[in-house]
Every structure is written in structure tokens, then in C-alpha cells.
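Report on the following structure.
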Amino acid sequence: MIDKANEINQIYELLNSNKLKEAEILINNLSELNYDNIELLNLKGELFKKLGKYLESKEIFMKVKELSSPNIPIQVFLNLADAHIFLKEYDDAEFIYNNIVAMNPNNIAILNGLGKVLVNKMKYQQALNKFNKALALDESNYQILFNIAYCLKYLEKNNESIDVFKKYLNKLNMNQTNTKHLAVIYLEMGINYLAIEEYDDSLHYLLKSKDLNPDNPHTLSNLGLLYVKTDRLDEAESLFVDTYNIDKTTDIFAYNYCHILLLKGKDDEAKEIIEKFISEHPKSYRMIRLIEKVKFNKSDNMFNWVKDIHNDSETPLKVKIESGFGMYSILDKEKEYQEAFEYLFEANNLYNDMQGYSYERILKYHKHSKSIRYEDNAHISDQNNHPIPIFIVGMPRSGTTLTEQILDSHSLVHGAGELRIIEEIAKKYEISNYNQKDLIVNKETLKKFQEDYFEEIKPLNVDNKPYFVDKMPGNYLFVSLIKAALPWSKIIHCKRNPMDTCLSIYTKKFVADFHAFYSLDGLARSYISYNDLMHHWCNELEENTIFDVTYEKLLDNPEEKVRGLLSYLGLDYEDKCLEFYKNERFVKTASSVQVRKKLYNTSVERWKNYEEQLSPLYKELKQAKIV
């Protein structure tokens, strides 16, 4: 120990109160007298860390380690590991932690620190295991709850994450909690609620976060995502532009900005930003998700970037899956079909193993849908001032987005995109509960269902147009319910070559709950069940209740088919419906790029490029007499 104890204590106080300039002067004065004093060097390292001089901090802590040998205190290792973390040298930090945790398996600080390193390496389950062990050793250490909730969010266990964050909030002394930390908690809560589509709760917490820290780009970005989900698209675009301009180095901000550009059909502008961003930030995996929406070639830097990520043994599984879909997208455009399918097959198998699916669950839904009966609905057949809902149903990738884009181009029609309103109201009144037998939906429930539906769509139909398009392909499950609760509604069924439909589904990693689509067997069974249910509705309901739009026929004779579609809806023909590609509305589905182009037939019989690989799928559909 040096004999300047008062000065040392004063440095500690200055560092703790963030009076860094004063601390630096005192440290420099003492260093001239005691250059190799371990305690003073350690304080100098802490100072450099607080000043953001992480490289200098690391060098100081390495010197401290050297001087402390052979009996090096654990804190020296922790400080050095921290320096590696700040420099994003996560492998070095993990190496240090693994060595000291082997000697101190029940040290809470070490377990917590190792968990943080694993979070930075996107090894969230391993990190969660460390945090849980640390908490079990000391349940009063409630600060660890934040780390646990954070991991649960990334593991997509959003409800559990919300519960842990609430538990953490209850432990905090609000009067003594830093407002920026509180803002972060509210932000994480908002993100969790957004993930489970609880939009009101998400808005509540995101706005609370924004009130406490109005300039945090992460809060603004997630608020933008919420606005996208709730069709406040102009507000979303404004927020994404702002966050990108605030910080052009963070991948989520660049990603959201590019995504909104693609939704608006500004492909070239998005491509330029993506290429620039990955050249500067090669470890930014998020941009992989945009590959299929932009035309990239093997000659582009993007191709080698994605390939390197895919082949890297350190790449997290979720990213490897996304890179597999990305490699397929590029190679398919290059017509290198054999190699393209190898990547696609691997990506689907990995994702199928991760997700799992229950075909029996699909069968139960379909059987239940067929069995539901409804009391007389004459009491709700009066349209009043409500718009005419147009439901576009079918399998995904069957032309549903194109059909909506055509209709939205009509002056009397508003296209609202994919809405889960029917599904949510059906859950609310337990109509979709397939464990019920011999369900009869009574008059009162039908009336409430109708009232709820129009209440939900009112804020979406901002121009109060007389026709309203609800394009959720999966609403084919609820056709009889829709006609019972909304008698004057129109049902459009989009159809496409079954093999082309299935291939197109197989090439996409959907954001929604389509667990059965990631194996050829599951895909075949899903299609067969869907086809059976649609035949049932056609036989069960009155003739002409459902209007079929066949993709290939629409391509062959667009004006005739569009005129027929508009006639079914009771609308006059407008030329703009054939100029749908000029419509600048936001399109939020996987087809957002395609509907910006004129009609093209290059996707017709595209499945034949993969005829050999898709033979198991073809055999199942042929056996079911679908092909």
C-alpha cells in the first residue's frame, strides 16, 4: 500500500460520482510517484473505462494482472474481461470467465458476468442458465431478474419475460431508480407485448419509455414497428427515417429504414443502403432477412457475405436458417437450382426441427370448423352504415396480395392488409376452441361478433370507403362464421397451381404461426386439408357465395378476370385496377416487391425447376387427386 490513503479514497469517491476530470488529475499526480502501484493502476483502468478509452483500459488491467501474479485476485480477471467486452472481444472475455468459473463455480459475479458475455454472443439459452444459477445462489439479488427477463425475450418466451420484468419492477425503489434504466425496462416490456400482438399494452409501455427518454432511438424504432402493425404507416415511416438519421451504425435502424423503403417499392435505394451497411458492419446478421426482397446476384458482395455467415461454425442457429433461405433466394435467381435447393432443404429442416408442428392440430381445427352450426342471423342482416367487407382467403402465396392490390386501386375500396381480427374475435367468444363438440353459435354471439368486427376496422378505414378488404389467407377456416356474422360480406378465394403454391410457401420463412410448412410432408398435408375444407364450404354454402380468382387465368386475361371480379363485388370497372403496380400503398406481406411490377408469368410452373426434389410432395398431392 502507498502512504497516500486519503488521496486513494478521494479517487474512489470521484469515480463513483463521475467527477472524471478531477479523478484524472489526482491519478496522474500520484502515478508520477507510484507508477507500479497495483491499486492505483486499477483505478486508472477504471477511469479509462469510464472515459470510453477501452483499449487503454485493457492494457492497464493486463499490467495489473502481470504485477499481481501469481496470486491474482478474481476482481482483476473481472476487470480485464469487462475491458474485452467493451472492445467487443467476446471470445477473449468468455475464455477468461470460463477459466475463473471453473475455479469458482458458485461465484455470483462471475456467473452474472459470463451470462452477459453469452448474451453478447447471442447464446441466450446458455446465458439464461448462468443467470438462473446466480439467482438460485442468492434470491435477494433481484438485479439478476433484469438479465433473466432480457434472455427470455430473445428466446421468444415473451409472456415469461413480461412476468419477470414485472417482478423486477416490484422490487425496485422507484424513487432511487435511474430514469434511463426505468425507460429501458418499459422499452423491453413494450417490445415483449409487441411480439405477442398485445398492441395496446405495447403502446402503453413504449410511450412511458419515450416520456422518460424521448431521444432513445431504440424506443422510437419500436414505436415505429408498432405503428406498422397497427397501420399507422406514415407515422412509422417518419420514426424510421428519424432513427436512421440519428444512428446509421446500428443494424436495426438501417434494417427498419430499408424495410419501409421496400414496402413503398423503393428497391434501388434500399439495396444501396444494405450493401453499404454490410460492408461496414459484416457481423450485422439482420440484413439477411431482406435478401429475397431485393435482386442480389452472385457477383454482388451480398452473396459472399451471406455464404461466409452460413459456413461460419460460430453463426447462431436462427441466423444460419435465415442465411440458408437467403442463399436459396440468390442462387434461384441465378438458375442454379440444384445448389439452391440444397440450401433451402437444409434451412427448412433446421427450422422444422426447431419449431416442431402438430398436423393433428390442423385436422382438429378443420373438423371443428365444419361442425359449427349457427342460429338464424336475420336479426343482423341490415348493413346500416357499415362497409362491405371483402375477405380474401386461400393458401399463402396463392395471389392474395396481388388480388388485394388490384382491389385497393379501385376508388371505392380500401385494402387493409392481413388482419387477425376474425381469428381474435373467434377466440374471444370461444368459437375457435376445437375441444368443443356440437357447437351452436347463438344469435346474441353473432350480433356481438359483428359489432366487434366493425369496431375494430373503423380506425383502419380512414377514408370511410364503402368496401373494405380483409386479406388474411387463413380466414378460409372461418368462411361459414364470416357469412353468419357478416351476411353481406364477400368471399374471394385465391387459387394457384398447387405445386407452385407449395414451392413458394416452402421458400419463405414466415413470421406467423405456420409450423407445418417447413417439411414437404407437413406442407402436403396442410394443402390437402385446406383443399378439403374449401370444397366443403363450396358445397355447404349457397351458389356464388365464394368467388374464385385463379392466378394463372388472371395472368392470361387480366382485364376479363378483373371485370368479372369487380362485377361479383357490385363495382364498376376502373382502369386503375389494371395499373395496380402504380399504387404506392404500403404492402406488408412477402409479396411486397412483386406487386410493384406489371403482371408477369415467370412464376408459372416454377416448381418444375425442382421437379425431382419435390417428388415426395407431388406424390402426396397426386394421391389426393389434387394434381
Side-chain angles (χ1 to χ4, degrees), residues 292-293 295 325 328-338 340-345 347-348 392-406 418 471 473-474 476 492-510 512 514 516-535 548-558 561-562 565 580-581 587 589-627:
E292 65 173 324
K293 293 183 178 292
K295 187 172 176 57
F325 281 103
Y328 161 79
S329 178
I330 296 173
L331 291 168
D332 177 73
K333 293 184 181 80
E334 297 282 338
K335 299 183 179 180
E336 297 184 16
Y337 301 124
Q338 179 68 39
F341 196 85
E342 289 173 5
Y343 280 105
L344 182 64
F345 188 70
N348 273 287
I392 299 177
V393 304
M395 285 292 273
R397 314 296 300 157
S398 61
T400 55
T401 302
L402 171 61
T403 302
E404 183 191 24
Q405 186 81 341
I406 289 169
E418 294 189 350
K471 186 204 84 78
Y476 76 82
I492 298 171
H493 174 213
C494 288
K495 299 167 68 175
R496 182 183 177 189
N497 178 301
M499 289 297 294
D500 280 336
T501 300
C502 289
L503 171 62
S504 192
I505 291 170
Y506 195 64
T507 64
K508 306 297 177 190
K509 181 176 175 287
F510 291 90
F514 293 123
F517 289 168
Y518 301 102
S519 74
L520 294 178
D521 176 61
L523 189 51
R525 292 183 176 204
S526 297
Y527 193 96
I528 291 166
S529 295
Y530 139 79
N531 188 67
D532 173 70
L533 187 56
M534 286 309 302
H535 277 297
D548 287 342
V549 173
T550 303
Y551 180 72
E552 290 80 7
K553 291 179 180 178
L554 180 61
L555 297 183
D556 287 342
N557 199 336
K561 297 305 174 186
V562 169
L565 171 60
F580 60 86
Y581 49 87
V587 179
T589 70
S591 302
S592 59
V593 174
Q594 290 90 326
V595 296
R596 304 294 179 193
K597 303 174 183 177
K598 294 182 180 181
L599 290 172
Y600 58 93
N601 60 10
T602 53
S603 59
V604 174
E605 301 223 316
R606 180 168 161 245
W607 73 274
K608 289 192 173 180
N609 297 325
Y610 302 98
E611 190 167 1
E612 180 182 347
Q613 295 93 331
L614 295 175
S615 59
L617 172 69
Y618 184 85
K619 287 177 183 176
E620 288 199 58
L621 295 184
K622 185 176 182 181
Q623 187 174 354
K625 299 181 179 179
I626 290 173
V627 296

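Along the sequence shown, the residues carry numbers beginning at 1. None of these values were measured; they are calculated from a predicted model.
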Distance (rounded to the nearest 0.5 Å) between [X] [atom1] and [Y] [atom2]:
X    : Y    : atom1 : atom2 : result
E292 : F325 : CD    : CZ    : 9.0 Å
E404 : I392 : CD    : CD1   : 5.5 Å
K471 : I492 : NZ    : CD1   : 12.0 Å
L331 : E334 : CG    : CD    : 7.5 Å
L555 : E552 : CG    : CD    : 7.0 Å
Q613 : L520 : CD    : CG    : 10.0 Å

- Would you find more than 12 non-hydrogen atoms of other residues, nucleotides or ligands less than 6.0 Å from Y337 atom OH? yes
- Heavy atoms from other residues, nucleotides or ligands near CD of E336 exceed 12 (cutoff 6.0 Å): yes
May I ask you to test the [X]-[Y] pair for a side-chain heavy-atom distance under 4.5 Å?
X    : Y    : value
V393 : P473 : no
V549 : L402 : no
L617 : Y506 : no
K561 : L565 : no
P558 : I406 : no

- Please check if the distance between the ring centroids of Y610 and F341 is under 6.0 Å.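 Yes - the distance between ring centres of Y610 and F341 falls below the 6.0 Å cut-off.
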Between [X] (side chain) and [Y] (backbone), is there a donor-acceptor pair under 3.5 Å?
X    : Y    : result
D332 : S329 : no
S519 : G522 : yes
S398 : G394 : no

- Query: Would M499 and L503 count as a side-chain contact (heavy atoms from CB on, under 4.5 Å) if you check the C-alpha gap in whole Å, the side-chain angles of each, and the deciding distance to 0.1 Å?
  - Reply: CA-CA 6 Å; M499 289 297 294; L503 171 62; over 6 Å; no
- Nearest heavy-atom approach of L523 to C502 is CD2-O, 3.1 Å
- Where do T507 and L344 come nearest, in terms of heavy atoms and distance?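 Minimum heavy-atom contact is CA-CD1, 3.7 Å.
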- Query: So which pairs with a foot in residues 492-504 pass side chain to side chain donor-acceptor pair (under 3.5 Å), sequence neighbours left out?
  - Reply: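 Passing the test, one end in residues 492-504: R397-S504, H493-Y530, H493-D548.
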- Message: With side-chain contact (heavy atoms from CB on, under 4.5 Å) as the criterion, how do F517 and S526 come out once you've worked through the C-alpha distance, each side chain's angles and the decisive distance to 0.1 Å?
- Response: CA-CA 8 Å; F517 289 168; S526 297; 3.8 Å; yes
- Do Y551 and T403 pass the side-chain hydrogen bond (donor to acceptor under 3.5 Å, both in side chains) test, and can you show the C-alpha distance, the side-chain angles, and the key distance before you say yes or no? CA-CA 9 Å; Y551 180 72; T403 302; over 6 Å; no
- Task: Only pairs at least two apart or in different chains count here, so list each salt bridge (charged side-chain N to carboxylate O under 4.0 Å, His left out) that has a residue in residues 611-627.
- Result: none
